[in-house]
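Let me begin by presenting the structure, written as structure tokens, before commenting on it.
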Number of protein chains: 2
Amino acid sequence: MKQGNKTKLRIINEANKLFYQQGFNATSFSNIVDATGLSKGNITYHFKNKQEILSGIVESRLADIDELLTAWNKEFPSPINRLVRFCEMLLDEQDNLKQYGCPMGTLTGELSKNQPALYQLTLPMFKRFQTWLLEQFTLLNFSSEQANENALELLSRVQGITVITHVFKDEKFLNKEISKLKNEIKNRYD
Amino acid sequence: MKQGNKTKLRIINEANKLFYQQGFNATSFSNIVDATGLSKGNITYHFKNKQEILSGIVESRLADIDELLTAWNKEFPSPINRLVRFCEMLLDEQDNLKQYGCPMGTLTGELSKNQPALYQLTLPMFKRFQTWLLEQFTLLNFSSEQANENALELLSRVQGITVITHVFKDEKFLNKEISKLKNEIKNRYD
DNA sequence: TCCTAATTAGGACGCTCGTCCTAATTTAAG
DNA sequence: CTTAAATTAGGACGAGCGTCCTAATTAGGA
């Protein structure tokens, strides 16, 4: 790997952390300078501005999501078990969710308000999960319309649990609701 | 009403709109100056800074919430119908929800990330709804523990629907899910 | 080794930020 | 009316913002 790509990754990782933990608009360029320990000019060289950094972050996250979903597909032959695994993702991330909310939901939600171009940029992350969920429900023999409805509903349930966990800083709620949701999936769709 | 209070209200209303539509951190002091048409000094006279404006906004919103819930209590003798009305609130606000998300969820979520003092300030808005929902489930003869769980779950469902509606700009989803949720309430709790 | 392109450092700039201060004007009580 | 308090206007200020530019350094192929 070229030297510059290492720097790019470092910027992307640090900025990703900052955007998640502080919000996109609350993070300044010099915050990123401080966090990376790089010079201002160096960062500008790799990314013209905050928006380009965001673009890099999204690209990187999309790759992570694809990798994750592919791994789940391999690990779990049963769509039901895949959906269950999807729910369990929230348990893996419970500390972060409690403190900072959903990495996709809070970012897309923030940008959706009044930065339409950046909002469009982040939307594919949601779409990946939506599409993948749709595939699982299709495998479970739902009509495409019904599969889509189920996919969005599950996404919605998970987002709701995340918001409440975040707002009330309540991981007990998270654990209980995920456990209920997993049961519901098994009962409803199996 | 004294002259100054009219100005205060004007500031609160305009800032409330801006914070909701752009986010708290993305709204500058001079945005508020422009939106109100007042002078910088005048706003500073009434509120030292953005945080004090937020404090005023929360106070005002809490009063609105109390008024709303009291009206619902009067209008609907049945707790079930009150819960249904609660869900229907999202339909009344569907245009705003689609564009800007939940006025409480997005604000509290934003501030929760790294402005703990302001986050604490906004939390009571959520608590009002939580408490009120708890009361309704208590009236439905649930144990206090079970009533609390039901209250949080309903809040969670509603937040989830809001997030998806906002992120996907999809009011069809909103209408369908609210309708399903209302049926579920009637079937599960009646 | 040398040379060119890639990378890094950091200063200059104009702008906006939030805060503070002072003066002008309006209000309302006496 | 008079007068003091409440309210409003708007400029001054330093700090931080993002962008741009140039110079120094480094890396890697020839």
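In the text below, chain A, chain B and the rest are named by the order of the sequence lines, each starting its count at 1.
In this structure, the CG atom of Asn5(B) is 7 Å from the P atom of dT7(D), given to the nearest Å. Spacing between atom CG of Asn49(B) and atom C1' of dC20(C) amounts to 13 Å, rounded to whole angstrom units. Between Ile53(A) atom CD1 and dG18(D) atom C1' the separation is 11 Å, expressed in whole Å. Going from atom NZ of Lys48(B) over to atom P of dC20(C) covers 8 Å, rounded to whole Å. Taking atom CG on Asn42(B) and atom C1' on dT26(C), their separation rounds to 12 Å, with Å as the unit. Atom C1' of nucleotide dC17(D) and atom NZ of Lys50(A) are separated by 10 Å, given to the nearest angstrom. Across the protein-nucleic acid pair, His46(A) atom NE2 and dG18(D) atom P stand 19 Å apart, rounded to whole Å.
Residues that satisfy the side chain to side chain contact (heavy atoms under 4.5 Å, CB included) test with Glu93(A), not counting sequence neighbours, are Asn96(A), Leu97(A). Taking the ring-ring contact (aromatic ring centres under 6.0 Å, His included) definition, one finds that Phe76(A) meets it with nothing, sequence neighbours left out. Partners of Phe129(B) by ring-ring contact (aromatic ring centres under 6.0 Å, His included), not counting sequence neighbours, listed by chain and number: Phe86(B). With sequence neighbours excluded, the residues forming a ring-ring contact (aromatic ring centres under 6.0 Å, His included) with Tyr189(B) are Phe137(B), Phe142(B), listed by chain and number.
Within the structure, side chain to side chain donor-acceptor pair (under 3.5 Å) contacts touching residues 9-21 of chain B (residues at least two apart or in different chains) are Asn16(B)-Arg61(B). The side chain to side chain donor-acceptor pair (under 3.5 Å) contacts involving residues 69-81 of chain B comprise Asn73(B)-Trp132(B), where partners must be two or more places apart or lie in separate chains. For residues 110-128 of chain B, the salt bridge (Lys or Arg N to Asp or Glu O under 4.0 Å) pairs, not counting sequence neighbours, are Asp66(B)-Arg128(B).
In this structure, Thr7(B) does not reach the dT7(D) phosphate: none of its side-chain N or O atoms is under 4.0 Å from OP1 or OP2. Residue Tyr45(A) places at least one side-chain N or O closer than 4.0 Å to OP1 or OP2 of dT7(C).
A stem is defined here as three or more consecutive Watson-Crick or G-U pairs, each with both distances under 3.5 Å; for DNA chain D these stems are C:1-30 with D:1-30.
Open room surrounds NZ on Lys48(A); 12 or fewer heavy atoms of other groups in view lie less than 6.0 Å from it. The number of heavy-atom neighbours closer than 6.0 Å to NZ of Lys180(A), taken from other residues, nucleotides and ligands shown, is above 12.
Residues from residues 23-40 of chain A lying near DNA chain D, meaning a heavy-atom separation below 4.0 Å, are Ser28(A), Phe29(A), Ser30(A), Lys40(A) in numerical order.
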